[in-house]
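Source: prediction; values computed, not measured.
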Amino acid sequence: MKSPYDIVKAPILSEKSYEFIGDKTYTFEVAKTANKVEIRKAVEEIFGVTVQKVNTVNRLGKMKRQGRTQGRKPSTKKAYVKLTADSKGIELFDGIAQ
């Protein structure tokens with residue numbers, strides 16, 4: 001069985017993700033093989049919150065060129081995690097949103 005820390009890799013801190021913090025929606029980079037149920041359980045276990053909904057997005061890696069050679073950066077998976085209204089917020093993001 002996977003560890004919750006193998007599923008949730010890192011928080012994504014961008015202008016778009018800051019807008020969602022007020023709605024209790026947080027953005028994470030997750031393992032490409034993880035599904036929504038696994039992401040929900042991992043976030044609930046790591047942060048001690050109650051998750052209402054999980055949306056995922058597969059991001060294709062950017063094309064990179066160096067001379068005649070070209071390739072791609074690695075593809076990633078992003079998860080938008082919405083918490084229930086009565087759940088507490090995630091402290092990692094709370095200091096940033098203010």
Side-chain angles (χ1 to χ4, degrees):
M1 184 171 166
K2 297 180 191 175
S3 165
Y5 296 99
D6 292 336
I7 295 171
V8 177
K9 292 183 177 181
I12 295 178
L13 305 173
S14 64
E15 290 183 25
K16 183 176 180 182
S17 67
Y18 291 152
E19 293 176 12
F20 295 130
I21 292 175
D23 300 331
K24 287 194 172 182
T25 302
Y26 302 96
T27 311
F28 297 97
E29 182 180 345
V30 295
K32 287 183 67 169
T33 58
N35 60 32
K36 292 181 181 184
V37 176
E38 291 174 338
I39 295 168
R40 174 190 301 256
K41 289 179 182 177
V43 169
E44 287 178 348
E45 187 175 330
I46 292 171
F47 298 107
V49 295
T50 308
V51 175
Q52 177 182 350
K53 176 169 87 167
V54 176
N55 293 335
T56 58
V57 178
N58 285 313
R59 299 190 299 180
L60 188 62
K62 288 184 176 181
M63 287 292 296
K64 290 294 178 181
R65 289 179 44 117
Q66 190 167 19
R68 295 183 191 182
T69 309
Q70 65 182 4
R72 286 195 178 272
K73 285 191 158 194
S75 299
T76 58
K77 188 172 194 176
K78 181 166 60 168
Y80 293 99
V81 178
K82 182 167 180 65
L83 305 182
T84 57
D86 59 339
S87 178
K88 65 178 180 128
I90 297 176
E91 294 105 22
L92 176 70
F93 292 94
D94 287 342
I96 297 170
Q98 296 173 356

Which pairs, with at least one residue in residues 68-88 and sequence neighbours excluded, count as a salt bridge (charged side-chain N to carboxylate O under 4.0 Å, His left out)?
Lys88-Glu91
Gln66: side-chain contact (heavy atoms from CB on, under 4.5 Å) partners, not counting sequence neighbours:
none
Got a second to check how far Ile21's CD1 is from Leu13's CG, nearest 0.5 Å?
7.5 Å
Distance in Å, Arg40 CZ paired with Asn35 CG, rounded so as to fall on 0.5 Å steps:
11.0 Å
Which atoms form the tightest heavy-atom contact between Ala31 and Asp6, and what is the distance?
CB-O, 3.7 Å
Are Val37 and Val8 linked, directly or through intermediate hydrophobic residues, by side-chain heavy-atom contacts shorter than 4.5 Å (ILVMFWY only)?
no
Which value, rounded to the nearest 0.5 Å, describes the distance between Ile39 atom CD1 and Glu44 atom CD?
12.0 Å
I'd like to check Gln70 versus Lys64 (side-chain heavy atoms, cut-off strictly below 4.5 Å). Are they in contact?
no
Is Ile12 isolated, or which residues cluster with it under the ILVMFWY side-chain rule of less than 4.5 Å, directly or via members?
none
Can you give me every donor-acceptor pair (side chain of residues 50-61, partner residue at least two apart or in another chain, under 3.5 Å) with its distance?
unit_1, atom_1, unit_2, atom_2, d
Arg59, NE, Thr76, OG1, 3.1
Arg59, NH2, Thr76, OG1, 3.2

Between Lys24 (side chain) and Ser87 (backbone), is there a donor-acceptor pair under 3.5 Å?
yes
Once you round to the nearest 0.5 Å, how far does OG1 of Thr27 lie from CD of Glu19?
10.5 Å
Is the shortest heavy-atom distance from the side chain of Thr25 to the side chain of Leu83 under 4.5 Å?
no
Residue pairs passing the ring-ring contact (aromatic ring centres under 6.0 Å, His included) test with at least one member in residues 32-77, sequence neighbours excluded, are Phe28-Phe47
According to the ring-ring contact (aromatic ring centres under 6.0 Å, His included) rule, which pairs have a member within residues 64-84, sequence neighbours left out?
Phe20-Tyr80
